[in-house]
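Below: one structure, written as structure tokens.
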Protein chains: 2
Amino acid sequence: MSKRLQTKVGRGITLLQVARRAECSTASVSRVLNDPEHVTPDIRARVEEAMRDLGYMPNGAARALRSLRSRIMGIVIPTLNHAIYAGMVEALQQRLAGSEYSLLVATSEYDLTREEQQARLLVERGVEGLVLVGDNHRPELYRLLDRTPYVNTYVYKADSDHPCVGFDNRRATFEITEFLVGLGHCRFGMISAVTAGNDRASDRVAGVRAALETYNLSLPPEAVYERPYSILSGREGVRYLRTLTPSPTAIICGNDVLAMGALAECRAAGISVPDEISLVGFDNLEFAAHLDPPLTTMEVPAAEMGARAADFLLSQVSGKLDLHSVHLEPNLIVRRTTGRAPLPDSR
Amino acid sequence: MSKRLQTKVGRGITLLQVARRAECSTASVSRVLNDPEHVTPDIRARVEEAMRDLGYMPNGAARALRSLRSRIMGIVIPTLNHAIYAGMVEALQQRLAGSEYSLLVATSEYDLTREEQQARLLVERGVEGLVLVGDNHRPELYRLLDRTPYVNTYVYKADSDHPCVGFDNRRATFEITEFLVGLGHCRFGMISAVTAGNDRASDRVAGVRAALETYNLSLPPEAVYERPYSILSGREGVRYLRTLTPSPTAIICGNDVLAMGALAECRAAGISVPDEISLVGFDNLEFAAHLDPPLTTMEVPAAEMGARAADFLLSQVSGKLDLHSVHLEPNLIVRRTTGRAPLPDSR
DNA sequence: CCTTTGTCTGTAATCGTTTACTCATCGACC
DNA sequence: GGTCGATGAGTAAACGATTACAGACAAAGG
């Protein structure tokens with residue numbers, strides 16, 4: 001039926017038309033586009049004028065096909081929903097835009113299979129580099145990235161084969177835990193994101209556990225409440241952890257969003273923070289400082305990770321090949337949801 | 001100097017190699033890729049096997065060049081920082097991914113010139129459709145979109161020439177205001193995002209103003225505190241509005257982020273909400289329900305806008321041309337930051 | 001004055017697909 | 001049994017840029 005749908009003719013102005021109007025070769029036009037210094041001012045001026053007159057816009061597909069450079073980078077993040085990765089993506093995008101690169105964004109929904117599919121799609125689109133979150137990816141994904149520069153973020157492992165820009169999640173929660181132990185806490189609970197397929201989440205749990213063992217304390221499995229990121233999960237986490245006997249005096253949350261929920265639940269239940277329970281978040285999202293009381297949390301260098309990831313890929317595609325992972329430090333920000341453990345008898 | 005940088009040879013497996021191995025023509029290979037029903041099972045099987053064996057991946061640039069379909073959509077949003085647009089982008093991306101489309105994301109930083117530049121970049125990259133926020137764009141941008149489908153979001157204007165998916169910002173704050181007037185409030189303040197070049201923000205201010213005038217009340221210029229989105233701005237807003245005499249009993253915020261700041265400041269200053277001041281936000285972000293007290297706010301259909309915008313563009317590129325804007329309704333969610341105006345003498 | 005060197009332009013091949021055409025085959029129908 | 005249509009496969013020409021390569025020319029050096 002609708003036979004002539006594709007019959008659109010005018011595909012826009014081409015470089016050839018510019019060349020004709022400027023009375024020069026296509027090569028010259030291409031050169032003023034990509035290498036303006038190496039063309040005489042005379043020709044350059046004519047070409048630029050022709051471009052303006054015609055409203056010329058380069059065809060990205062043709063450029064990419066011929067030059068092997070799409071000027072597009074890609075990123076696969078778990079989700080955009082909770083602003084957790086938004087800051088990183090924002091910084092990444094900004095830095096890329098500064099180098100005339102665009103950013104393709106895809107989400108994995110915390111599913112490694114979907115992550116691989118999405119990454120594959122991005123590679124097919126011709127991204128020159130790929131940013132990933134975490135370093136626990138399907139082997140197929142790594143194989144796919146054989147010829148494509150990539151960098152893992154939100155993670156740093158010195159011994160990893162894969163380039164990364166990030167921090168050590170395990171050490172971060174280790175540090176949080178030591179801090180809390182120093183305040184006299186000995187009964188811990190944790191509200192964590194789902195750890196399956198999420199190395200950041202499981203490393204954070206592992207960090208708490210490792211630190212506690214150092215002090216002959218422990219984090220039994222039932223003291224870890226594991227749910228998808230959301231404020232509600234944080235609330236439920238507190239409700240659940242209070243059912244334990246003895247119930248924890250310190251709750252470490254895998255994320256500020258969970259911590260916000262936890263704090264809201266404490267308030268609703270009339271539990272005093274930090275007098276009865278100390279609460280720690282992770283990420284230092286914008287709101288953390290404005291909660292009541294202000295949230296003690298581990299600040300992660302989200303914007304810097306985004307910028308550094310961009311730099312990493314940009315240098316990679318411009319030929320610098322001996323690049324190393326970059327190790328960033330998170331930063332414990334002690335505010336007022338943490339305090340000395342309550343006296344044992346006050347339990 | 002570095003002359004042989006580009007000497008990378010292997011560009012990967014091409015369709016021609018697949019054709020050779022499957023012992024058929026490139027046309028057939030292309031057909032099993034794009035139109036599998038119209039090729040005999042025999043050939044199809046051979047081609048699919050060859051693809052698997054060789055690890056073939058289509059070259060997006062070549063496809064796009066020849067077929068005029070990049071399978072990429074673009075979006076330019078003000079920012080990713082405050083999660084305001086994240087929900088919409090998330091839904092958009094998901095819906096697009098379901099149709100094998102990828103999403104290029106760029107940010108304007110609330111700057112119309114930058115918005116146009118970024119949009120131009122996306123169009124050069126060959127996006128088949130473009131999502132924008134608001135409908136106040138540079139004329140050059142609209143001209144650029146002459147041949148590219150696009151849709152404005154977060155805005156709905158029946159009389160507009162431009163397709164949009166969204167709601168009426170003016171009417172939304174009109175409604176909020178009427179609600180507050182109904183509670184007996186007559187002194188209003190507003191904490192708004194920067195209105196310059198931001199039609200959503202200025203429409204929201206206009207809506208408040210229009211409603212008040214209906215009731216012979218007014219919103220004098222000095223009662224509008226206008227700052228970039230941030231929690232801090234919300235806090236400052238309250239501090240500022242309290243210096244007015246008489247100071248407002250009802251404060252409408254252009255956004256939940258501002259409202260959160262406002263609420264935090266009230267708490268810090270010992271101002272009782274809603275007894276002394278009623279506070280209303282906008283967006284119904286996840287945290288709104290979990291503030292203390294829970295925030296009264298205008299819920300906007302962010303996810304639905306994203307999905308509908310995707311649908312709009314997808315149908316547009318698949319030939320359906322007589323598409324109309326879609327009008328969504330925001331929804332006032334009354335929680336507990338709003339209450340009856342304090343008695344005049346208690347001022 | 002001739003050669004050498006360097007700089008700038010133009011010609012034309014090429015990137016990896018899709019697709020308009022052509023041709024062959026086969027079944028159905030008259 | 002011949003013709004017509006439909007269907008499927010192959011050939012080769014695009015798509016719009018970039019870039020080896022070669023040629024032209026000028027400046028510099030002997």
Side-chain angles (χ1 to χ4, degrees), chain A residues 3-47 50-51 54 56-71 123-126 128 147, chain B residues 3-47 50-51 54-71 123-126 128:
Chain A
K3 280 235 176 111
R4 52 185 58 247
L5 261 185
Q6 293 286 16
T7 320
K8 259 188 253 174
V9 270
R11 292 162 97 114
I13 307 297
T14 75
L15 181 143
L16 178 61
Q17 300 176 45
V18 174
R20 284 212 239 277
R21 175 177 261 253
E23 297 181 315
C24 67
S25 72
T26 60
S28 291
V29 179
S30 176
R31 276 190 279 261
V32 346
L33 234 39
N34 301 305
D35 197 12
E37 294 78 38
H38 287 75
V39 42
T40 37
D42 171 37
I43 294 203
R44 183 155 77 216
R46 268 157 42 211
V47 168
M51 285 181 176
L54 264 33
Y56 170 74
M57 291 188 63
N59 179 318
R63 296 184 102 166
L65 174 59
R66 180 59 231 246
S67 68
L68 297 182
R69 313 205 59 188
S70 62
R71 305 204 150 266
V123 173
E124 285 187 9
R125 300 283 181 268
E128 291 181 44
R147 325 179 68 92
Chain B
K3 280 235 175 109
R4 54 184 57 246
L5 261 186
Q6 295 284 15
T7 321
K8 259 190 256 174
V9 271
R11 292 161 95 114
I13 306 298
T14 75
L15 182 144
L16 179 61
Q17 300 176 45
V18 174
R20 283 213 241 276
R21 175 177 261 252
E23 297 182 313
C24 67
S25 72
T26 60
S28 292
V29 179
S30 176
R31 277 190 279 260
V32 345
L33 235 38
N34 301 305
D35 198 12
E37 294 78 37
H38 288 76
V39 42
T40 40
D42 171 38
I43 293 205
R44 183 155 76 216
R46 267 156 44 210
V47 168
M51 285 181 175
L54 264 34
Y56 170 73
M57 290 188 64
N59 179 316
R63 296 186 103 165
L65 173 59
R66 181 57 232 244
S67 68
L68 298 182
R69 313 203 60 187
S70 63
R71 304 203 151 267
V123 173
E124 285 188 8
R125 299 284 181 268
E128 291 180 44

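Just the heavy atoms: all of them, side chains too, but no hydrogens, waters or symmetry mates, feed the values below. Throughout, protein chains are lettered first and strands after them, A, B, ... in sequence-line order, and every chain is numbered starting at 1.
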> Of all residues at least two apart in sequence or in a different chain, which pass the side chain to side chain donor-acceptor pair (under 3.5 Å) check with A:Arg46?
Replying inline: A:Asp42
>> Restricting to side-chain contact (heavy atoms from CB on, under 4.5 Å), what partner residues turn up for B:Ala50, sequence neighbours left out?
In response: B:Val18, B:Arg21, B:Ala22
> Got B:Val29 and B:Met51 here, is their nearest side-chain heavy-atom distance under 4.5 Å?
Replying inline: yes
>> What is the separation between atom CD on A:Gln17 and atom P on D:dC15, rounded to the nearest whole Å?
In response: 11 Å
>> Rounded to whole Å, how long is the line connecting atom CZ of A:Arg69 with atom C1' of D:dT18?
In response: 13 Å
>> Suppose we screen for side-chain contact (heavy atoms from CB on, under 4.5 Å). Which residues come up paired with B:Ala45, at least two apart in sequence or across chains?
In response: none
> Taking N and O atoms by type only, does the side chain of B:Arg63 place a donor or acceptor under 3.5 Å from a partner on the base of C:dT17?
Replying inline: no
>> Tell me every residue that passes side-chain contact (heavy atoms from CB on, under 4.5 Å) with B:Ser70, counting only those two or more places apart in sequence or in another chain.
In response: B:Ala64, B:Ile72, B:Glu128
>> Output the rounded distance in Å from CG (A:Asn59) to P (C:dT18).
In response: 16 Å
> So does A:Ser30 get a side-chain nitrogen or oxygen closer than 4.0 Å to the phosphate oxygens (OP1/OP2) of D:dT18?
Replying inline: yes
> If you take atom types as modelled and just measure distance, does the side chain of B:Arg66 reach the base of C:dT17 with a donor-acceptor pair under 3.5 Å?
Replying inline: no
>> Just the rounded figure in Å: distance from P of D:dG16 to CZ of B:Arg125.
In response: 18 Å
Any N/O pairs under 3.5 Å between the protein and nucleotides 22-25 of chain D? List them or say none.
none

>> Nearest whole Å is fine: how far is C:dT18 C1' from B:Leu65 CG?
In response: 10 Å
>> Distance check needed: D:dT7 C1' versus B:Asp42 CG, whole Å only.
In response: 16 Å
> A:Leu68 CG to D:dG16 C1': how many Å, rounded?
Replying inline: 15 Å
> Any side-chain N or O of A:Asn34 less than 4.0 Å from the OP1 or OP2 oxygen of D:dT18?
Replying inline: yes
> To the nearest Å, how far apart are B:Leu15 CG and C:dT18 C1'?
Replying inline: 9 Å
>> Test of understanding: with side-chain contact (heavy atoms from CB on, under 4.5 Å), list the residues that count as partners of A:Arg63, not counting sequence neighbours.
In response: A:Leu33, A:Asn34, A:Pro58
Provide a list of protein-nucleic acid N or O atom pairs under 3.5 angstrom, restricted to nucleotides 8-12 of chain D.
| residue | atom | partner | partner atom | Å |
| --- | --- | --- | --- | --- |
| D:dA9 | OP1 | B:Thr40 | N | 3.4 |
| D:dA9 | OP1 | B:Thr40 | OG1 | 2.1 |
| D:dA9 | OP2 | B:Thr40 | N | 3.4 |
| D:dG10 | OP2 | B:Ser25 | N | 3.2 |
| D:dG10 | OP2 | B:Ser25 | OG | 3.1 |
| D:dG10 | OP2 | B:Ser28 | OG | 2.7 |
| D:dG10 | N7 | B:Arg31 | NH2 | 2.8 |

> Who are the side chain to side chain donor-acceptor pair (under 3.5 Å) partners of B:Thr26, not counting sequence neighbours?
Replying inline: none
> Can you list every salt bridge (Lys or Arg N to Asp or Glu O under 4.0 Å) pair that touches residues 23-39 of chain B, not counting sequence neighbours?
Replying inline: none
> About how many Å separate OG1 of B:Thr14 and CG of B:Asn59, when rounded to the nearest 0.5 Å?
Replying inline: 9.5 Å
